[in-house]
Every structure is written in structure tokens, then in C-alpha cells.
2 protein chains.
Amino acid sequence: MNSLSDPFEATENERLAQIYTAAAELFCEKGFDGTSMSAVAEMVGITKAGIYHFIPGGKKDLLFAIMSYGLDRLDTHVITPAHAIPDAEERLRSIINNHVRLITSGSKTGGHNPVTIVVEEVGGLSPTHRRKIDQRKRVYVELIRDTLKQLKQDGKLQAVDETVAAFSLLGIILWISRWYDPDGRLSAEQVADEIMKLALGSLLRPQTQQAHH
Amino acid sequence: MNSLSDPFEATENERLAQIYTAAAELFCEKGFDGTSMSAVAEMVGITKAGIYHFIPGGKKDLLFAIMSYGLDRLDTHVITPAHAIPDAEERLRSIINNHVRLITSGSKTGGHNPVTIVVEEVGGLSPTHRRKIDQRKRVYVELIRDTLKQLKQDGKLQAVDETVAAFSLLGIILWISRWYDPDGRLSAEQVADEIMKLALGSLLRPQTQQAHH
DNA sequence: GTAGCCTGACCAACCGGTCAGTAGTGTGGT
DNA sequence: ACCACACTACTGACCGGTTGGTCAGGCTAC
């Protein structure tokens with residue numbers, strides 16, 4: 001997707017990784033329009049002109065790169081593992097668990113992570129970039145919806161609309177970053193367990209629910 | 001709350017109502033920082049200086065007024081009716097139903113409504129205004145959580161954490177405005193029904209669930 | 001020497017906000 | 001009937017400051 005592979009964790013191109021990390025943090029904190037290039041530069045420790053030496057495309061390309069990275073993380077940690085699971089119920093459990101942990105673990109590393117930025121700030125993208133981002137998001141939604149449809153074919157799904165159920169599940173998960181406090185009463189594991197209980201409780205038919213360890 | 005009562009529906013002070021409506025639409029569309037005063041003025045049909053004749057407090061006060069109006073709508077359509085219902089299960093049904101309909105009906109009137117703006121853009125407020133908005137939001141969360149606690153005392157609640165459940169319910173509802181299409185396959189009533197099914201399915205214990213007409 | 005990294009000075013455009021002034025409208029006095 | 005006054009609604013010009021972005025050149029390191 002990006003010309004550079006995983007810029008956030010690169011050991012070479014250290015400056016580039018610093019820029020992406022700083023921009024991601026500031027975009028999450030103050031929003032895309034509320035963050036200036038000078039602010040990003042200051043956090044990295046160089047001049048604004050220095051930023052444009054590494055990011056020739058400017059601010060919009062920065063946003064696109066960060067969103068792409070967030071979706072890359074979703075791909076590797078949630079979507080790809082899910083594709084390897086044939087059983088629908090097991091796949092749904094995997095999706096919920098991995099996505100919740102992706103968000104809660106991200107908020108532990110000093111605030112916000114690039115995974116949550118993808119949701120908002122789509123307006124700051126160029127039409128071409130926006131189409132790419134939107135399509136990747138749609139792929140994820142369809143993964144969830146297809147899993148629910150398969151669950152229905154297996155006779156395990158309650159009498160609910162799959163589309164509404166898929167979006168509701170997404171709403172629960174994406175909302176976590178707004179209220180979860182890693183130093184609070186509940187650990188990330190507890191939150192993941194509770195979300196799992198809630199989601200499966202409303203989706204699976206009672207007789208098919210079974211305890212999981 | 002505001003020095004002017006319900007500026008969005010006032011027949012007098014027509015210009016003021018126009019300004020609030022235009023600003024709410026633009027803030028939802030492009031974000032607070034992404035919207036300029038000139039843009040608001042242009043949509044209303046007057047000059048930027050003309051805006052400051054009606055909104056002496058400037059941009060921040062505009063945002064605060066719009067958020068307050070959104071919370072006013074939540075108060076009158078969701079919170080106040082809920083307080084009148086002593087039974088916890090019935091009260092929960094009322095909250096879900098009214099809040100979902102408030103959001104779906106709002107998106108029918110030409111895009112976004114001020115109810116959804118309250119969630120984001122809190123960073124644009126002054127500390128004093130932010131405290132007021134945050135406190136009103138907290139009141140609503142506690143209404144839901146208290147209702148769940150009472151449900152637990154009644155023995156109707158499944159074995160779930162009330163806080164996580166309350167936030168998850170909020171996540172489902174607030175996320176609706178991001179995907180609901182009033183011209184789409186599902187009507188507002190159908191969406192409300194589906195959400196109700198999903199939410200109650202994960203919260204109420206099976207033996208206590210009963211069909212509602 | 002030359003290639004990559006980075007700076008300081010600079011640019012037009014735009015930001016939120018101010019202000020003097022004006023057109024129109026109604027009011028009161030005579 | 002007429003004028004003087006006041007008030008509201010609004011404009012156009014303008015302010016200092018900041019924005020995203022550029023560019024010529026300097027400083028290393030190989």
C-alpha cells in the first residue's frame with residue numbers, strides 16, 4: 001500500500017518513523033485540521049522544512065500514510081488471522097478478541113494509536129486516497145457480515161439483521177478507545193472478555209452458546 | 001442553559017437560527033477546525049463581520065451553543081422521559097428507542113444533526129465550557145449505568161459488567177449516524193427494532209425476556 | 001566532490017476577530 | 001408633516017498571527 005513498508009517500526013529511516021509517530025499522535029489528539037506541520041516538526045525536533053524533505057507529498061500524504069498503517073495493523077492482526085479460521089463462530093470470536101486487544105493495547109503506548117484515526121478525518125484525504133481507504137474499510141465490514149451470514153446458515157445466529165448486527169459490533173469496538181483507561185479498574189483482558197460476552201450474547205442462539213476457556 | 005431558548009426553531013431572530021443551523025451543518029461536515037467563520041457567513045448569506053454582530057463570543061461560543069442544543073434535545077427526548085419510568089427494563093427500552101430515533105430522524109433532515117456533534121470536537125471548547133458539556137454527558141452515562149444496576153438488583157441482568165455494558169450500548173447507538181442511510185434498505189423503525197433486539201438480547205437474562213409489541 | 005540531511009528566510013493565502021461607518025427603520029417632539 | 005434621534009443590521013476594509021508549502025544554500029560524511 002505504501003512505498004515504505006511499516007514506517008512506524010523501521011530501524012532504518014529513523015527520522016521517517018519519528019515523523020509518522022509524532023503526526024499520528026498529534027492527529028489523534030488535536031485532529032487533522034487542528035495539527036500544524038510546525039507542531040509535527042517541533043515534536044520530532046527538526047524544522048518544518050525538514051519534514052518536507054521526507055514527506056514530499058505534504059500534509060495529505062502524511063494523513064494517508066498514517067491511515068494506511070492503521071489499516072495495515074488491522075489486516076495483519078485481525079483480518080488475516082480470521083481468514084485462516086473456517087468455522088464461523090470461532091472466526092467471530094477471533095475477530096472480536098483481536099480487534100479489541102488491538103485497540104486497548106494501542107492506547108497503552110502513550111495515548112492514541114493509528115488504528116483509531118482511520119474512522120474520523122476521512123474528509124482530509126484527496127478523493128483518490130479516500131476511495132482507497134474507504135474500500136479497505138468496506139472489506140472489513142464485509143468480512144464481519146459474511147461471518148454472520150455463515151453463522152446464520154449454520155443455524156447459530158439469532159433472528160437479527162446481519163448488517164445492523166455487523167455495524168453494531170463495530171460501534172461497540174471502535175467506541176472503546178473513547179472510554180477505556182488502561183490505568184482504570186478493568187484490564188484490557190477483562191474488557192475484551194466483557195465485550196465478547198456482550199456481543200456473543202446478543203448474536204448466538206442460547207442453545208448453541210458454550211463456555212470458552 | 002443558553003441565553004436564547006432553542007435558537008434552531010425560533011421564528012423571531014431568524015438570522016440567529018440560520019447561523020446556528022449553518023454552523024452545525026458545517027461543523028459536522030468539515031469539523032470544527034476545518035470550518036471557517038467566512039464559510040458559515042457565506043452559507044447564511046451575510047459577511048463574516050455580520051456573524052459577530054449576533055455571536056459576540058466568537059467561534060468557541062458558537063460550538064458551545066450547538067453542543068448545548070444537541071444535549072438539550074437529548075434531555076427532552078431521552079433523559080426526561082426516562083426519569084418518568086420507574087421500572088428498569090421499561091426505562092432501558094425507552095432510552096434505547098428514543099435515542100435511536102433521535103439520531104435516525106436527525107439524519108433525515110438534510111445530513112447531520114447537532115446531536116451527533118457533541119461526541120467529537122470537545123477539544124475546541126474552552127475549559128469552562130468543556131467541563132459543562134462533559135458533565136451533562138456524564139449524567140447521561142450514569143442514567144444508563146444506574147438503570148443497568150437496578151436491572152441487576154431485579155435479577156434481570158445477565159452476568160456482565162454494568163460499565164462496559166453501558167458504554168457498549170452507547171457505542172452502538174452513536175455509531176448509527178455513521179452508517180445509517182434514510183434512503184436505504186432499512187427504515188428508522190426497523191433499525192430501532194433491530195438495535196433493541198441486539199441490546200436487550202445481550203443484557204437481559206433469557207427467562208426474563210418477553211415479546212413486546 | 002557530491003549526495004543526503006536539514007536550516008532560515010520567505011511566500012501567498014487564509015485564519016479569527018475588530019472597527020468605523022452606513023443604510024434602513026421606527027419613535028418622539030413640535 | 002417634518003425633522004432629529006436612536007437603534008438594529010450589516011458592510012468593507014483591515015489587523016496581527018498562522019497556515020501549508022518552497023527554495024537556496026550550508027553542513028556533514030563518505
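From a predicted model like this one, the values you see are computed outputs, not experimental measurements. Numbered from 1 within each chain, the chains take letters A, B, ... in sequence-line order.
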Practice item. To the nearest Å, give me how far apart CE (B:Met37) and P (D:dT18) are. Key: 18 Å

Point to revise | 5′-ward residue of the pair B:Ile51/B:Lys48 relative to DNA chain D | key: B:Ile51

Point to revise | Worked verdict on A:Gln18 versus A:Arg15 for side chain to side chain donor-acceptor pair (under 3.5 Å) | key: CA-CA 5 Å; A:Gln18 285 177 6; A:Arg15 265 282 135 80; 3.1 Å; yes

Review point. Could you give the CG-to-C1' distance, from B:Leu16 to D:dA9, as a whole number of Å?
Key: 13 Å

Review point. On DNA chain C, nearest-nucleotide positions of B:Lys59 versus B:Ala49: which is more 5'?
Key: B:Lys59

Practice item. With A:Asn97 as reference, evaluate A:Arg93, A:Arg101, A:His99 under the side chain to side chain donor-acceptor pair (under 3.5 Å) test and give the passing residue. Key: A:Arg101

Exercise for review: Could you tell me whether the phosphate oxygens of D:dT8, OP1 or OP2, come under 4.0 Å of any side-chain nitrogen or oxygen in B:Arg15?
Suggested key: no

Study note, to complete from the structure: Between CG of B:Asp33 and P of D:dG17 the distance, given in whole Å, is 20 Å

Practice item. Using whole Å, report how far NZ of A:Lys30 lies from C1' of D:dT19. Key: 15 Å

Practice item. For B:Glu14 and D:dC10, give me the distance from atom CD to atom P, rounded to whole Å. Key: 10 Å

**Study point:** N/O (side chain, A:Ser36) to phosphate O (OP1/OP2, D:dT19) under 4.0 Å
**Key:** yes

Exercise for review: Fit a plane to each ring of B:Phe27 and B:Phe32, take the angle between them on a 0 to 90° scale, and name the class: parallel (under 30°), tilted (30 to 60°) or perpendicular (over 60°).
Suggested key: perpendicular

Practice item. Specify the separation, in whole Å, of atom CD of A:Glu42 and atom C1' of D:dT19. Key: 15 Å

Check your understanding: Under 4.0 Å: is that the gap between some side-chain N or O of A:His53 and OP1 or OP2 of C:dC5?
Key -> yes

Review point. Base, sugar-phosphate, or nothing: which does A:Gly50 touch, judged by heavy atoms less than 4.0 Å apart?
Key: base

Practice item. To the nearest Å, give me how far apart OH (A:Tyr52) and C1' (C:dG4) are. Key: 20 Å

**Study point:** NZ/A:Lys152: more than 12 non-hydrogen atoms of other groups inside 6.0 Å
**Key:** no

Study note, to complete from the structure: Rounded to whole Å, the CD1-P distance (A:Ile46 to C:dG4) equals 17 Å

Practice item. Show your reasoning for whether side chain to side chain donor-acceptor pair (under 3.5 Å) applies to B:Gln190 and B:Arg185. Key: CA-CA 10 Å; B:Gln190 286 175 296; B:Arg185 176 173 58 91; over 6 Å; no

